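The structure appears below as structure tokens.
Because the structure is predicted, anything quoted here is derived from the model rather than measured.
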Amino acid sequence: MIARYWVQKGFNVMHPIGWDAFGLPAENAAIKRNSDPREWTYENIAVQKASMRRYACSFDWDRTLHTCDPEYYKWNQWLFLQMYNKGLAYRKDSAVNWCPDCQTVLANEQVVAGLCERCDNAVTKKKLNQWYLKITDYADRLLDDMDQLEGNWPEKVLTMQRNWIGRSTGAEVEFKIEGRSQPITVYTTRPDTLFGATFMVVAADSALAAELASGNEVEAEFKKYLDSVKADSDIDRLATDRPKSGVFLNRFAINPVNDERIPIWASDYVLADYGTGAIMAVPAHDQRDLDFAKAMKLPIRVVIETGEADPAQSGIATSGDGKVINSGSITGLAKDEAITKITQELAGKKLGKAARNYRLRDWLISRQRFWGTPIPIIHCEKCGEVAVPENQLPVELPSAAGLDLKPKGLSPLGAASDWVNVACPKCNAPAKRDADTMDTFFDSSWYYLRYTSVDKHDVAFDKKAVETWLPVDQYVGGVTHAILHLLYSRFFTKVLHDLGHLNFTEPFTRLLNQGMVLMDGSAMSKSRGNLVRLSDELATHGVDAIRVALVFAGPPEDDIDWADVSPAGSLKFLNRAWRIAGDVTSKAGVDFKSGDLSLRKVTHKSLNDIAIAVESFRFNVCVARIMELVNATRKAIDSGCGPTDPAVREAAEAIAISLSLVAPYTAEDMWEKLGHKPAIANAGWPTVDPALLEDDAIEVVLQVNGKIIDRLEVSPSVTKDDLEKAARANEKIAAALVGADIKKVIVVAPKLVNFVI
RNA sequence: GCCCCUGUAGCCCAAUGGCAGAGGCAUGCGACUUAAAAUCGCACAAGUGUGGGUUCGACCCCCACCGGGGGCACCA
């Protein structure tokens with residue numbers, strides 16, 4: 001509807017469609033049928049394309065692309081190398097999210113509540129050497145540039161992205177460690193509570209904890225604890241009512257603000273990969289620390305006076321603001337002042353500094369699967385990592401024939417010996433290709449750029465075309481992509497901007513989250529046979545009726561249940577509209593100006609309202625407005641000015657054109673019946689005459705104390721004074737005001753008059 | 001536990017702080033018909049989740065609570 005509307009308005013609209021076709025569905029299907037994912041994918045695309053054509057979506061089929069075409073993923077590899085050369089793509093060892101069922105690693109964003117986003121199995125951790133993209137370098141810009149999107153993206157999506165990036169501000173503070181030359185740095189958002197720190201906790205699974213325990217009498221106990229921590233799944237870890245556990249490391253740290261000696265503990269409630277993996281614990285003012293202190297019988301010291309109950313007694317850490325107490329130089333200050341002052345003092349002594357942290361982690365992109373873009377790196381024993389030279393791109397996937405695609409934790413590509421063994425591009429010695437493939441979100445992070453240049457084969461995208469078309473004026477997608485796809489795309493856009501390829505920093509100017517169609521409470525899916533049912537409905541009622549019914553069922557961002565969708569009712573409405581075209585007896589091209597004024601006003605008002613509704617995404621309201629216009633026109637034909645009146649033709653044409661957005665086939669037929677040549681899609685949006693939007697008389701409400709006493713017809717241009725006079729002259733009002741003491745008269749011209757007595 | 005959205009006739013949904021109803025579904029009645037379908041016409045119904053507050057006036061703004069949906073959830 002949006003695309004069709006702007007075409008009618010005379011804009012040059014690009015409305016492309018394509019297939020994000022790499023990934024597990026194809027690969028798993030191929031494994032099941034023992035065939036090549038390639039064949040399965042292209043067969044399915046053909047089927048789907050044919051069925052999608054039925055929906056009358058005005059897609060530009062000349063710009064179609066498939067991300068699994070070498071022609072497309074060649075540019076994935078090119079982009080990867082661009083980032084690699086800038087240090088934005090790198091490899092590191094780390095404990096990664098591992099799905100035992102899919103037998104591949106997952107990005108943080110793909111783990112939902114400890115479960116694999118795709119298969120809902122529990123995710124475990126595994127130490128692996130993997131490729132990452134340095135999205136954390138862009139954390140601040142991803143956050144701050146949201147100002148550009150404010151008002152044009154759903155607030156919900158912006159909030160979700162903000163939470164996901166999770167920026168926090170605070171300070172890093174150095175604690176000296178007894179018997180260790182290096183101090184330990186902790187990150188805190190509350191340096192104002194430093195004097196309340198009564199112990200330190202390091203992440204049990206960090207290298208730091210192991211080092212502090214090593215050679216220590218508690219080492220055995222620590223190892224036992226570490227083993228139990230490792231055995232816990234993410235789901236266990238995420239349980240909120242989980243009791244705190246940990247082990248004393250028999251080591252001590254010195255608090256830099258008061259030289260106090262505090263014990264160091266290891267626990268799994270501190271995360272190894274956030275901040276520095278070590279915290280100062282302030283049990284009085286942090287619930288987690290308090291829970292731990294109570295469990296381990298550690299001291300609790302209040303340093304903020306909030307008026308709340310004593311945490312040691314209540315078991316509830318105080319969260320309110322208040323004055324700092326018992327805290328040396330910052331005693332008596334308010335929170336913000338205390339934070340500023342103590343941070344400055346620490347910085348002066350080189351014992352700390354202001355710092356920021358993010359919840360966002362670097363994006364893990366390697367996947368141990370076949371059906372994806374090969375990572376264009378060659379591993380040479382002598383030269384190490386070597387980028388595949390640009391002129392050798394694409395690194396094409398080998399044939400799947402003879403490869404065992406079954407998930408087993410290693411890339412199937414590693415077994416394709418003809419493919420994997422190559423000469424090092426630098427020294428020509430025998431070397432191996434990187435056998436992992438890219439996360440498919442890499443593919444979808446820049447496809448909008450490719451749509452501008454599908455016919456260009458020497459560049460990923462043509463700069464001029466990109467400048468002409470982009471950024472995308474209107475993006476439409478499900479809220480399921482609120483973080484993953486939309487965050488990654490924003491990241492890519494910024495990287496490409498910095499590399500000098502783009503002159504904008506945000507890819508999607510406006511975003512509409514459209515809802516899903518539910519059947520019996522769950523999403524439409526092939527496995528439930530719902531698509532078959534939809535296909536039947538299409539055959540019975542026609543595409544137009546289905547389109548109208550879906551649009552009319554509710555606001556576009558809401559999920560709608562098929563039970564609330566009424567294709568039969570929509571068909572009835574379309575017939576009603578269509579018959580009007582047949583009833584018109586005036587000739588095409590007749591001058592509307594001589595037509596019936598009241599119907600003309602309805603027509604112009606409707607056109608105006610319909611345009612506003614479409615532009616503000618209220619498509620359901622838009623359909624309702626067309627229905628109103630149809631009703632009014634019907635009435636005019638049957639019992640008003642009659643079918644010969646030019647106003648009836650004007651109304652019928654307005655109906656046809658506005659209907660062309662949602663029911664294009666019906667509209668086209670109406671257009672021809674009305675004596676016009678195809679195509680109505682290019683007929684142009686009728687010009688609304690502002691003079692016809694004005695009513696000649698408006699009903700004004702007359703109130704006494706806010707209660708309606710009577711109504712009055714007045715001219716829309718009535719003045720306040722005249723309106724008040726008219727109101728006072730009204731019989732019922734006059735009667736109501738007899739003997740009353742009028743305290744106030746509110747006159748809103750031309751809407752109401754209210755006498756307060 | 002924290003944050004966000006939401007609550008209007010039997011149902012889906014509308015209403016720049018100013019007459020609660022635009023539209024549809026369902027239902028009922030009537031016209032047309034031998035009859036039915038289709039079509040056309042008419043009718044029907046809630047005082048806006050609950051309790052407060054602001055205002056001349058609140059579905060709309062503010063506070064609390066209840067119900068529904070979603071997000072985050074040891075991130076120091």
Side-chain angles (χ1 to χ4, degrees), chain A residues 112-114 154-164 166-168 170-171 186-191 193 197 200-201 203 237-242 244 267-282 285-289 291-292 319 357-361 479 482-483 548-549 552-555 557-561 563-566 568-570 572-573 575-576 579 606 609 613 618 620-631 634-635 638-639 699-711 742-748 750-757:
Chain A
V112 179
E155 197 50 47
K156 188 179 168 181
V157 173
L158 295 178
T159 306
M160 283 168 74
Q161 293 217 356
R162 273 191 201 102
N163 290 342
W164 187 261
R167 178 162 71 194
S168 79
V186 303
Y187 172 73
T188 177
T189 54
R190 296 294 303 275
T193 63
M200 177 185 278
V201 187
R237 273 183 63 98
L238 290 171
T240 44
D241 50 354
R242 192 163 182 256
K244 290 279 182 287
S267 173
D268 65 350
Y269 89 89
V270 171
L271 306 178
D273 60 350
Y274 182 79
T276 59
I279 62 155
M280 64 171 204
V282 184
H285 308 298
D286 182 290
Q287 190 61 45
R288 298 153 300 184
D289 296 345
D291 293 343
F292 192 82
S319 52
N357 255 306
Y358 305 88
R359 216 188 78 107
L360 181 73
R361 308 291 150 82
V479 73
I483 300 174
V548 169
F552 187 56
E557 55 276 359
D558 287 5
D559 287 346
I560 51 176
D561 202 285
D564 299 324
V565 173
S566 173
S570 298
K572 207 166 105 184
F573 156 65
N575 278 327
R576 230 168 113 76
R579 275 198 312 273
S606 297
D609 288 352
R618 282 148 59 225
N620 52 329
V621 178
C622 165
V623 171
R625 294 281 173 270
I626 304 176
M627 287 174 170
E628 269 179 83
L629 181 56
V630 167
N631 290 346
R634 180 81 262 156
K635 210 164 207 167
D638 290 349
S639 55
E699 202 174 46
V700 167
V701 180
L702 305 180
Q703 300 177 325
V704 173
N705 284 344
K707 283 198 182 123
I708 296 154
I709 305 294
D710 204 4
R711 292 140 212 271
I742 300 173
K743 293 189 182 121
K744 206 172 173 185
V745 183
I746 291 124
V747 184
V748 185
K751 281 188 177 164
L752 62 77
V753 182
N754 185 15
F755 295 93
V756 184
I757 57 176

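- Nucleic acid contact class of A:R167 (heavy atoms, under 4.0 Å, all strands): none.
- If A:S566 and A:I746 are placed on RNA chain B by their nearest nucleotide, the residue sitting closer to the 5' end is A:S566.
- For B:G47, the glycosidic angle deviates from 0 by 90° or less, giving a syn base.
- In this entry B:G51 has B:C63 as its Watson-Crick or G-U wobble partner, both defining distances falling under 3.5 Å.
- The interatomic distance linking A:D286 (CG) with B:A73 (C1') rounds to 14 Å, in whole Å.
- Applying the 4.0 Å criterion to OP1 and OP2 of B:C3, one finds that A:N163 has every side-chain N and O outside that range.
- Residue A:V753 is tested with A:V745, A:V748, A:I746 for a side chain to side chain contact (heavy atoms under 4.5 Å, CB included); the sole match is A:V745.
- At distances below 3.5 Å, at least one donor-acceptor pair connects side-chain atoms of A:D289 with backbone N or O atoms of A:V282.
- A straight line from CG of A:N631 to C1' of B:C42 spans 14 Å, rounded to a whole angstrom.
- Nucleotide B:C2 holds its P atom 12 Å from the CD atom of A:Q287, rounded to whole Å.
- Rounded to whole Å, the P atom of B:U8 lies 11 Å from the corresponding atom of B:A14.
- The separation between A:L702 atom CG and B:G57 atom C1' is 15 Å, rounded to whole Å.
- The distance between atom CG of A:D559 and atom C1' of B:C12, rounded to the nearest whole Å, is 14 Å.
- The aromatic rings of A:F292 and A:Y269 are tilted relative to each other, their planes meeting at an angle between 30° and 60°.
- Among the atoms of the strands shown, base atoms are found under 4.0 Å from some heavy atom of A:R625.
- The phosphate of B:C40 (OP1 or OP2) has a side-chain N or O of A:R576 nearer than 4.0 angstrom.
- Following rounding to the nearest Å, A:D268 (CG) and B:A76 (P) show an atom-to-atom distance of 17 Å.
- Residue A:K572 places none of its side-chain N or O atoms closer than 4.0 Å to OP1 or OP2 of B:G24.
- Summarising the base pairing, B:U34 is matched to no nucleotide, lacking a Watson-Crick or G-U wobble pair whose two defining distances lie under 3.5 Å.
- Between A:R579 and the phosphate of B:C40, there is a side-chain N or O to OP1/OP2 separation shorter than 4.0 Å.
- Under 4.0 angstrom from either OP1 or OP2 of B:A76 there lies at least one side-chain N or O belonging to A:S168.
- Using a 4.0 Å heavy-atom distance criterion, A:N754 is classed as a base contact.
- The distance between atom CG of A:L158 and atom P of B:C3, rounded to the nearest whole Å, is 19 Å.
- As a whole-Å value, the separation of A:N575 CG from B:G24 P is 15 Å.
- The two residues A:V630 and A:F573 have their closest heavy-atom pair at CG2-CE1, 3.8 Å.
- Within the 4.0 angstrom heavy-atom criterion, only backbone atoms of the sugar-phosphate kind lie near A:T189; the bases stay farther away.
- Residue A:Y269 has no polar side-chain atom (N or O) positioned under 4.0 Å from OP1 or OP2 of B:A76.
- The side-chain heavy atoms of A:M280 and A:T193, taken from C-beta on, include a pair separated by under 4.5 Å.
- Side-chain contact check for A:R359 and A:N163: no donor-acceptor pair (N or O, by modelled atom type) lies under 3.5 Å.
- A:K744 has a side-chain polar atom (N or O) that falls below the 4.0 Å cut-off from OP1 or OP2 of B:C56.
- The 5' end of RNA chain B is approached more closely, in terms of each residue's nearest nucleotide, by A:V621 than by the other of A:V621 and A:Q703.
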